[in-house]
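Let me begin by presenting the structure, written as structure tokens, before commenting on it.
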Amino acid sequence: MFPMNLLAQSISMDRWIDIPEEVLEKYLLWRPTPLYRARNFEKLLDAPVKIYYKNEGVSPPGSHKPNTAVAQAYYNKAFGVKRLSTETGAGQWGSALSMACQMFGPECRVFMVRVSYEQKPYRRLMMMTWGANCIPSPSDKTEAGRKILAENPDSPGSLGIAISEAIEDAVMDESARYSLGSVLNHVLLHQTVNGLECQKQLEKIGVYPDVVMGCAGGGSNFAGLCLPFVRDKIHGKDISIVAAEPTSCPTMTRGPFCYDFGDTVQTTPLLAMHSLGHDFVPAPIHAGGLRYHGMAPIMSHLVKEQIVEARAYDQLETFDAGVKWARTEGYISAPETNHAIAAVVEEAKRAKEEGKEKVILFNWSGHGLVDLAAYDAFLSGELTKYALPDEEIQRSLKLIEGLPKP
Ligand SMILES: *Cc1c(COP(=O)(O)O)cnc(C)c1O
């Protein structure tokens, strides 16, 4: 499924892996990303906190995702891969990989969940502008897609189906490989460019955070910022490192640490991670990027070891925080990013109650300018509070009972 050079990174024991010159050159288009202090938001919260954030939304596709997309396109090209195949839900990952492939040469084929393909044309158009072939999934291009279409010609698709199609498409073609935008070790490694860069920026202004926060879907943007701080914590620094996830997909806060498959149809090797079960289908909340059933094994392990803490937030809380953010700091955040902002709001409240001064750092993972329909739903009062019913978790977990335990 993957080229050997990326697999070698995934299992590497090296403490340091250099970023190739060719990749650095592309990063220069938007990196270093700015580190801001959110003074206006601080004023609104009226708590004894200083809030710093890394703006990963300044990349061309508008999120942290090209940090790994560009590296993956480069390593696949170096390995002689002619075409990359991937899936995308709302389109953040697909657009990042489309741009990256355009930079380094492999063709890019993106299986996009059909409902998003039809209802969210803008990310699809970004992919097409960057020269990718974007196909609504389920499609007639794969066995998996044809099977689903035979059963239900009007299937709206799902991320699980799109993953199956992208994997099948890659393994059936000797010159193609599959690409994944989160979860895996090499993806987290590529994202650490952000945390390392951030530590240098903070050093310049003589600041060190008490709390590092971020939102977590598969765990990559949060890992990218926090892993260099995890190293400091392991070496004795007294800091909190907090991941924010949705109450509708509470992988770390309510899912067990177990062995599970990375995809619905059980094609991947088993991963030791927090999981809600590989057939878990989350409610259609407006934070598409946070709806994955599993969590990066590295982040899962850190939660298990209590080095990282996880908290869950409801979508009303997250959009409320996001709108307050936009009305003070100006930038309109991705719905995923709003989870990190909700966590910051809660942390500030705690600091106020405890009468403790705190420096909070968080990853502003992306802008929401292509997700304004989600803001429309919130502003017009259509969004409701939603926590996952316990029965749903129990049902999904039953299916993985028979798998080995870590
Ligand atoms: C995809 C995405 C996420 C969630 O993915 P992670 O791998 O957990 O980072 C978060 N924020 C934005 C803006 C995204 O596009």
Side-chain angles (χ1 to χ4, degrees), residues 30 33 53-69 72 86-99 110 112-113 116 120 122-123 126-127 159 179-195 213-227 242-246 248-252 262 273-274 282 285-300 302-303 308 310 312-313 318 322 325 331-343 362-372 374:
W30 72 94
T33 60
Y53 68 101
K54 270 292 258 186
N55 184 345
E56 288 290 288
V58 297
S59 75
S63 77
H64 65 287
K65 288 193 169 82
N67 295 334
T68 185
Q72 290 192 41
T86 196
E87 74 287 330
T88 197
Q92 283 271 23
W93 170 244
S95 55
L97 192 67
S98 302
M99 180 196 75
V110 184
M112 184 173 190
V113 177
S116 300
K120 299 178 183 173
Y122 296 111
R123 289 262 166 213
M126 287 165 78
M127 292 181 233
L159 203 55
S179 172
L180 192 64
S182 187
V183 181
L184 303 175
N185 295 354
H186 62 265
V187 178
L188 271 54
L189 169 80
H190 300 156
Q191 290 293 349
T192 55
V193 64
N194 188 34
M213 312 189 106
C215 65
S220 75
N221 88 82
F222 180 55
L225 180 70
C226 84
L227 286 180
V242 182
E245 64 181 12
S248 55
C249 189
T251 315
M252 290 174 286
M273 61 181 177
H274 277 281
I285 56 155
H286 284 284
L290 303 184
R291 297 175 58 211
Y292 184 61
H293 69 273
M295 180 54 56
I298 290 178
M299 298 317 293
S300 296
L302 289 167
V303 170
V308 169
Y313 298 91
T318 62
W325 178 268
Y331 289 107
I332 296 176
S333 327
E336 292 88 349
T337 311
N338 286 342
H339 291 69
I341 301 175
F362 80 98
N363 202 21
W364 198 79
S365 57
H367 70 66
L369 296 179
V370 196
D371 305 289
L372 288 174

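In listed order, ligands and their atoms are each counted from 1. Note: hydrogens, waters and symmetry copies are ignored here, and every other heavy atom, side chains too, is used. Positions are given from 1 along the sequence.
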Original post:
If you round to the nearest 0.5 Å, how far is CG of Asn55 from NE2 of His367?
Top reply: 9.0 Å
**OP:** Check ligand 1 against Gly366 and write out every atom of the ligand that is under 4.0 Å from a heavy-atom position of the residue.
**Re:** 13 (C)
Original post:
Do Thr33 and Glu56 have side-chain N/O donor and acceptor atoms under 3.5 Å apart?
Top reply: yes
**OP:** Examine the side chains of Asn67 and Asn194 and answer whether a donor and an acceptor come within less than 3.5 Å of each other.
**Re:** no
Subject >> Contact atoms of ligand 1, heavy-atom distance to Ser182 under 4.0 Å >> reply: 6 (P), 7 (O)
Original post:
Which is closest to atom 9 (O) of ligand 1 by heavy-atom distance: Asn221, Asp371, Thr337, Asn363?
Top reply: Asn221
**OP:** Take the angle between the ring planes of Tyr53 and Phe362 and call it parallel below 30°, perpendicular above 60°, tilted in between.
**Re:** parallel
**OP:** With heavy atoms of Ala334 as the reference, note each atom of ligand 1 found under 4.0 Å away.
**Re:** 13 (C)
**OP:** For ligand 1, find out whether one of its N or O atoms is nearer than 3.5 Å to an N or O atom of Gly217.
**Re:** yes
Subject >> Reported CG-to-SG distance for the pair Leu290 and Cys215, which is rounded to 0.5 angstrom >> reply: 5.0 Å
**OP:** Could you see which bit of His64 sits under 4.0 Å from ligand 1, with heavy atoms only: side chain, backbone, both or neither?
**Re:** side chain
Subject >> Element-labelled atoms of ligand 1 that are located less than 4.0 Å from some non-hydrogen atom of Gly219 >> reply: 6 (P), 7 (O), 8 (O)
Original post:
Which ligand 1 atoms, with their elements, are less than 4.0 angstrom from a heavy-atom of Ala216?
Top reply: 8 (O)
Subject >> Candidate with minimal heavy-atom separation from atom 3 (C) of ligand 1, of Lys65, Arg291, Gln191, Gln92 >> reply: Lys65
Subject >> Residues forming a side chain to side chain donor-acceptor pair (under 3.5 Å) with Thr318, sequence neighbours excluded >> reply: none
Original post:
Under a 4.0 Å heavy-atom limit, does Val187 contact ligand 1 with its side chain, its backbone, both, or neither?
Top reply: neither
**OP:** Could you tell me which atoms of ligand 1, counted from 1 in the order shown, lie closer than 4.0 angstrom to a heavy atom of Leu290?
**Re:** 4 (C)
Subject >> Proximity of Ser365 to ligand 1 by residue part, where a heavy atom lies under 4.0 Å >> reply: both
